[in-house]
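Some notes on the structure that comes next.
Remember, predicted model here, so these are calculated numbers, not experimental data. Chain letters run A, B, ... following the sequence lines, proteins first, then strands; residues in each count from 1.
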Amino acid sequence: MITGIKGMNDILPAEIEAWHFIEACVREVFHPFGFKEIRVPVVEKTELFCRSIGEDTDIVEKEMYTFADKSGNSLTLRPEGTASVMRSHIEHKLHILNPVDRLYYVGPMFRYERPQKGRYRQFHQIGAEIIGEPSPLADVQLLNMLWRFFARIGINDAVLQINSLGCPGCRPRYRQALVDFIAERLDRLCGDCRRRYQHNPLRVLDCKVEQCRDAVQAAPSVLDFLCPDCGTHFNTVRRLLSNLAIPFEVNNRMVRGLDYYCRTTFEMIASRLGAQNAVAAGGRYDGLIESLGGPTLPGIGFAIGMERLTLMMDTTRIPASRPLLFLAALGEKAVEKAFLLLADFQKQGIGAEMDFSGKSLKSQLRRADKLQTPLVLILGEDELAANQIQVRDMETATQEKVGLESLRTFLASRWPHHFPQA
RNA sequence: GUGGGUGUAGCUCAGCUGGCAGAGCGCUGGAUUGUGGCUCCAGGUGUCGAGGGUUCGAUCCCCUUCACUCACCCCA
């Protein structure tokens, strides 16, 4: 048996309704905010991700699906969406068309990691970016849209956490203060944290080991080191979130994984999602576009993990699509006549199904019951001879004979929405 | 890359440190010549994840390997 690739899952028909629902909510919620969808390729030149995400992040160091194509170019399956969107925005000079551009995307991302609950090698993200707007109102608008999206999906037990990482002007001072603080306590930290101290000292702050948490409990807060501009920016974000009645927590220990973040960062944290509890995350990336060779434009965005979203959702509430009609036919002639009727319904966009293989009426009704079809049209030799059809209401278990010519009128009186007057 | 758990029917899982491979659900047919759900009856499917070892005999014990899964690292 040829199986799928580890960590890359099939989304089967039984699950697809939830995905369709999510995608419909994305469009419904994002469009009023002025966001336009953008579709970019799933592969890019490897260099794009190295330069945007950061050479010494885990994603670039060990998690990318990188390969050489037939002409020897190094290509990579995208591990995230922002880099590609920025590349496209720069390449097509979209800032000339829209000085402030609001873009969103939905699609698969790829990271070579060990799969676990809520983490897969191919996973799907919904992302949104506001490009060209430095105002903290952009931050708040984006967070508001994210919040509205979760409300629309029906998730109300996720917590919004925000933080500010400062800017290239003030972050180095904080980093130094933190390094100095940790250096004095290095002997009390776990092995992982000693490595983090060298590599990314901010990460020591969110270590899960109790001993480490105790050791850094009194660590300096990034918020105390913000420069006046960054401080004002963050205060405005907090004030406007409150004015919009969006609940949030300030988490001054929140660390983001990608190098390009500055100022506002945020996460939506889910309970009961297992260890991978960030269902959405993002932040501001004011220097990114310029560093990729584009114009000097600020940006801010988020990404939502769709698999994590489905794990949190009560998917049983999403109604399954079902055919409106089932045609049950008995006898060869009736089957062929029913088949023509079936084709006619389908041509009109009416969901209709039937059995082709001459099964018993009992079996056909069982099938219709399984499909939860509200009406079954029964066509046997008798009905055919009388030019009639039995219309069976599956809920009330009642049925009546209807002339074939008046069938459409009969159905239209029951479902005017599906059978508009011709 | 590291650690734990689990691999038995399409699905969910029983199987007493060793003796013919099991149940429920689902599927198909019947009880009702052409009438669903509830009930009853009948039916089928397994390299017991794979390979090796111990044994008269292994789903069970041992070794190896693979897969899945959860967790670490990291992240959506």
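A:Ile378 places its CD1 atom 10 Å from the P atom of B:G36, with the value rounded to the nearest Å. Note: CG (A:Leu375) to C1' (B:U35) measures 15 Å, nearest angstrom. Residue A:Lys333 contributes atom NZ, which lies 18 Å from atom C1' of B:G34 at whole-angstrom precision. Distance CG (A:Asp369) to C1' (B:G37): 5 Å, rounded to an integer number of Å. Atom-to-atom, CG of A:Leu361 to C1' of B:U35 comes out at 5 Å; the value is rounded to the nearest Å. If you take CG of A:Leu327 and P of B:G36, they are 18 Å apart, rounded to a whole angstrom. Distance, A:Ile389 CD1 to B:G34 C1': 14 Å, rounded to whole Å. Rounded to an integer number of Å, the gap from CE of A:Met354 to P of B:G34 is 17 Å.
Note on A:Glu381 versus A:Lys333: no salt bridge recorded, every NZ/NE/NH1/NH2 to OD/OE distance being 4.0 Å or above. Contact check on A:Asp139 versus A:Arg284 returns a salt bridge, with a Lys/Arg side-chain nitrogen under 4.0 Å from an Asp/Glu carboxylate oxygen. The pair A:Arg256-A:Glu267 meets the salt-bridge criterion, since a charged nitrogen lies less than 4.0 angstrom from a carboxylate oxygen. Salt bridge present: A:Asp192 and A:Arg195 bring a charged side-chain N and a carboxylate O closer than 4.0 Å. Looking at A:Arg39 and A:Glu37, a side-chain N of the basic residue comes within less than 4.0 Å of a carboxylate O on the acidic one, giving a salt bridge.
Looking at A:Arg102 and A:Gln141, their side chains do bring a donor and an acceptor atom within 3.5 Å of each other.
Residue contacts for A:Glu383: at a heavy-atom cut-off of 4.0 Å it reaches a base atom on one of the strands shown. Residue contacts for A:Ala397: at a heavy-atom cut-off of 4.0 Å it reaches a base atom on one of the strands shown.
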Determine, for nucleotides 67-76 of chain B in 5'-to-3' order, which nucleotides have protein heavy atoms under 4.0 Å from the base (write B), from only the sugar-phosphate (write S), or from neither (write -).
-> -S-SBBBBBB
Protein proximity profile, nucleotides 24-29 of chain B - base contact B, sugar-phosphate-only contact S, no contact -, cut-off 4.0 Å on heavy atoms = --SS-S
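Across B:C56 and B:C68, the matching C1' atoms stand 36 Å from one another, rounded to whole Å.
The shortest heavy-atom contact between A:Lys117 and A:Gln276 is O-CG, 3.2 Å.
Identified under the side chain to side chain donor-acceptor pair (under 3.5 Å) test for residues 6-25 of chain A, with sequence neighbours left out: A:Glu17-A:Ser321. Listed by first and then second residue, the side chain to side chain donor-acceptor pair (under 3.5 Å) pairs that reach into residues 176-187 of chain A are A:Gln176-A:Asp180, sequence neighbours excluded.
A heavy atom closer than 4.0 Å to some atom of RNA chain B occurs in no member of residues 24-45 of chain A.
For RNA chain B, if you chain together Watson-Crick or G-U pairs that step i with j, i+1 with j-1 and so on, the runs of at least three with distances under 3.5 Å are B:1-7 with B:66-72, B:10-13 with B:22-25, B:27-31 with B:39-43, B:49-53 with B:61-65.
Taking SG from A:Cys50 and CG from A:Asp56, the interatomic distance works out to 11.0 Å, rounded to the nearest 0.5 Å.
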